[in-house]
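Take a look at the structure below.
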Amino acid sequence: MPRIIMAIRLFAALAAATIALVLMAPQVTDAGSASMPPDSRLHESLALKRPPVPEAQELLLIQVRKEDERAVSGSLELADFILTLKEMDADKVLDLLPEVNTTGSGALSPERRRGLESRFEKEFSLIDKNIATLFEAIRLGSIRTKDSTRFVQELQTLVQLSKTRLLAETVEGDNTGMLLLGQAHATFGAGHYVDDLAALGLALPLYPDAFAVIERPVEVEGSVPFRRLDFWVVERYTALDKDLYGLLVSMEHAGYLASLDPGAHPPALYEHALSLRQNLLAKPGDAAARTWREAREQYLRSVRTLLSGKAEFGLLAGFDSLLAAETLEESSATSIKDLRQAVVAAFAAARTAFNEFQTVRDRLQVDLRGAFCIVGTVSGPQLAAGEQTPAEAAAFLANSVLSGSYFRVATGSRYRFWMLLPAVLAAVLLAPFGTLVSGLLGVVAIASSAGMFSLLFVYKGIWIDPLIVAGITAAATAASIATELAVRARIGSILRQRLGNRLPESALTVLASRHILPPAGDLTARSAILAVRHFGEASHADQEDSAHHAAALRAFHDAAAAEITRRGGVVIGVDEFILTAGFGTPLHALTDGPADGSTNGPGMDPADAAKRACSAALDIAALAPEQSGGWRFGLDLGECNFFYSSVDGYSAVGRTVNYARLLSGLGSKYNSRILVTQGIAAAMGPGFRTRRLDSLVEKASGHEHAFYELISREQP
């Protein structure tokens, strides 16, 4: 294919690909859309082939159901919640709960009302229990006279502490809860308790020519496998802790802990841990947190020791020994039995409370230790992308960052070049080939480009829409093929205009498909020349009826040219009443030779050219007498010079042409229709019947050239 046509096809394909790139490539400028993946079925199907997204093991979603959102406690309870997370050694906390309502003067705020009611209830309940326990012990005689003063003083101290706490709660109002909440936040340290994910340094990476998109974990039966913990479980832990402490205090006031080492009294250890918690709130730090946790563990060990049975068995043994005394009165025995039952009930209640508390604590330790907690409202375990709450969206983003599960959506010019590259390669690949081959290669290029960019997403996590790339490549392919067809049509039009009735239709088609125009230079080839003379018109050339003469000549030219080109010949000259054709011309070398259009191919074999020319002459002579009865034929084989001119079209000159024309004029003299030279007769070989007639003598050299009458083909 000529280089100029290849260049035109390449330019047209590149232009079409560039236009398609501008029209089809997405114009994404907002990197904030990173949370939304591309919306296409192809992306969904390819995403399933991506490596599965792992769940970040440290991620824990502490969830508040939407229907329970308004029931979340106030600042004091939230402070206890945060301190529980700290006690269980949670690493980071992202708090996305609604802000605590701190508006109003304080006296009538809902939070303050709940806080005061709870406080008064707890303080007076504690005083009531201790008074009842003290008088019951006095009534039963379980308190010695010398110890009564100490128990009364402890009761007075408890009343005074209750008074102080209630006064502080009443005077400071909401500020106490908010202050405590702020201090609880501070215990985690800077950058560990935040309300914005970016403050933790967890954000998708930024790329100059792309933006990152999170990938969701694989859903199992419609549920995303995040570790989850309900908010109420943590609140339940705090409530159980306080209830257990209340039971232990009651047991202490009842004298059930008298046998214990004073340094191992659970209530005292609880209050010691509570004072260490206050120290932590006042001066946050790892050392203070560690000391507080150790004090809590010491307190729980003391409770475990208390409830192991030794202290209870000692008390029961004492009561049993009293009951075994023979001098014991019945009323006293009844009282001792009641006291013994009270001990059993107290220890049983404490043991039940401790077991429940320990179960919740064990779960929290497993879930919270080293965890990255996201606290917020969720819609449920089955998360739909369009129904995500901020907590759920943060969980997906955090999981994507922590596990490195995200992919890039290309937007910049660098990636646009990669989108254009398959089209460029297709344009270069298709330029040298014809329509059919170009179509096949184009389909391969389109499929390959889509497959290549699909694999790029699956294995490298770079999303460049394969359908867009395939569309750009298809545009380049279509433009290249359309240009090839347009050029072929244009060349075919030129060929038909110049040589339309002089060449076989097959030759015109081949020349047009190979984008070959007639050569402008002189070419030499060994060809068979056929000259057809119309004697009927030659004998009336001088008649006055010129219109009839012109019509007859036109009919002769058209009929003879049609028959010659139908049989593979090329018309190379038209006189008034002589038409000359060639077989094995350079045009045959162009149509039968290499596809690159060179004339260096073997062309038509001279013997084959001679056979074709003789067969054509016999076929034409066999036409109806009214059409070819006055036609005479002359044939010769030899070197001819071929050339093209805008005046005469494709022509040839040389001795061979002259001999063929000369023999066509001798046919009437020898009463023969087809005369051939000795060269033709020798080249065409067997298969034809000939008869020698005479010789032609060259004037200059005196050489004789025999010529023959071609009679017919030999019958097999």
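- A centroid separation of 6.0 Å or more is found between the aromatic rings of Phe372 and His192.
- Between Ile214 and Phe396 there is a side-chain heavy-atom pair separated by less than 4.5 Å.
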| message | Run Phe457 and His43 through side-chain contact (heavy atoms from CB on, under 4.5 Å) and show every step you take. | response | CA-CA 9 Å; Phe457 171 66; His43 174 266; 3.7 Å; yes

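- When every heavy atom of Pro266 is checked against every heavy atom of Leu306, the shortest pair comes out as CG-CD2, 4.0 Å.
- For the pair Tyr237 and Glu87, the minimum side-chain heavy-atom distance is below 4.5 Å.
- Checked against the 6.0 Å centroid criterion, the rings of Phe407 and Trp463 do not qualify as a close aromatic pair.
- Defined by atom type and a distance below 3.5 Å, a donor-acceptor pair is present between the side-chain atoms of Glu271 and Tyr245.
- In terms of heavy-atom proximity, Ala346 sits nearest to Tyr256 at CB-CE1, 3.6 Å.
- Residues Tyr415 and Ile462 have side chains in contact (heavy-atom distance under 4.5 Å, counting atoms from C-beta outward).
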| query | Hey, mind stepping through Glu44 and Leu48 against side-chain contact (heavy atoms from CB on, under 4.5 Å) and telling me if it holds? | reply | CA-CA 7 Å; Glu44 292 178 2; Leu48 296 177; over 6 Å; no

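- When every heavy atom of Ala394 is checked against every heavy atom of Leu94, the shortest pair comes out as CB-CD2, 3.8 Å.
- Arg293 contributes a side-chain N or O that, together with a main-chain N or O of Lys86, makes up a donor-acceptor pair within less than 3.5 Å.
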| field | salt bridge (charged side-chain N to carboxylate O under 4.0 Å, His left out) evaluation trace for Arg363 with Glu356 | value | CA-CA 11 Å; Arg363 177 185 176 184; Glu356 185 178 0; over 6 Å; no

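- How far CG of Leu281 is from CG of Leu276: 11.0 Å, rounded to the nearest 0.5 Å.
- The minimum heavy-atom distance between Pro267 and Leu248, with the atom names listed, is CG-O, 3.8 Å.
- Proximity of Leu315 to Phe347: side-chain heavy atoms (C-beta onward) are separated by under 4.5 Å at one or more points.
- Ser405 contributes no side-chain N or O that, together with a main-chain N or O of Val53, makes up a donor-acceptor pair within less than 3.5 Å.
- No donor-acceptor distance shorter than 3.5 angstrom exists from the side chain of Ser400 to the backbone of Leu397, with no hydrogens or angles considered.
- Atom CG of Leu229 sits about 13.0 Å away from atom CD1 of Ile374, to the nearest 0.5 Å.
- Counting only distance, with no hydrogens or angles, the side chain of Asp91 and the backbone of Ala371 share no donor-acceptor pair below 3.5 Å.
- None of Asp241, Val303, Asp362 except one satisfies the side-chain contact (heavy atoms from CB on, under 4.5 Å) rule with Phe357; the exception is Asp241.
- Judged by the 6.0 Å and 45° rule, Lys92 forms no cation-pi pair with Tyr193.
- Looking at heavy atoms from C-beta onward, Glu312 lies in side-chain contact with Arg351 at the 4.5 angstrom threshold.
- For the pair Leu316/Arg340, a side-chain contact is recorded, criterion being any heavy-atom separation below 4.5 Å from C-beta on.
- A salt bridge links Lys242 and Asp80; the closest N-O separation between the charged side-chain nitrogens and carboxylate oxygens is under 4.0 Å.
- For Tyr270 and His265, the ring centers are positioned 6.0 Å apart or more.
- Panel note: side chain Arg50, backbone Val458; a donor-acceptor pair is recorded below 3.5 Å.
- Gln57 CD to Ser403 OG: the interatomic distance, rounded to the nearest 0.5 Å, is 10.5 Å.
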| request: Just do the side-chain contact (heavy atoms from CB on, under 4.5 Å) check on Ile62 and Leu368 with the steps written out, would you? | output: CA-CA 10 Å; Ile62 301 180; Leu368 292 174; 4.1 Å; yes

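- Residues Ile82 and Ala184 share a closest heavy-atom pair of CG2-O, 3.5 Å.
- Residues Pro466 and Leu46 are in side-chain contact: their nearest non-hydrogen atoms beyond the backbone lie under 4.5 Å apart.
- Counting only distance, with no hydrogens or angles, the side chain of Asp230 and the backbone of Trp232 share no donor-acceptor pair below 3.5 Å.
- Under the 4.5 Å side-chain criterion, counting only non-hydrogen atoms from C-beta, Phe188 is not in contact with Val194.
- Under the 6.0 Å distance and 45° angle rule, Arg408 counts as a cation-pi partner of Tyr207.
- Contact between Ala56 and Asn399 at its shortest, heavy atoms only, is N-OD1, 2.7 Å.
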| message | Between Glu55 and Arg227, is the salt bridge (charged side-chain N to carboxylate O under 4.0 Å, His left out) condition met? List the steps. | response | CA-CA 9 Å; Glu55 177 192 357; Arg227 289 196 306 138; 5.0 Å; no

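- With values rounded to the nearest 0.5 angstrom, Asp195 atom CG is found 11.0 Å from Leu97 atom CG.
- Atom CG in Leu240 sits 12.5 Å away from atom CZ in Arg361 (nearest 0.5 Å).
- Residue His272 holds its NE2 atom at 6.5 Å from CD of Gln298, rounded to the nearest 0.5 Å.
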| said: The test is side-chain contact (heavy atoms from CB on, under 4.5 Å); show your working for Ile468 and Met419 and say whether it passes. | reply: CA-CA 8 Å; Ile468 293 180; Met419 296 172 71; 3.5 Å; yes

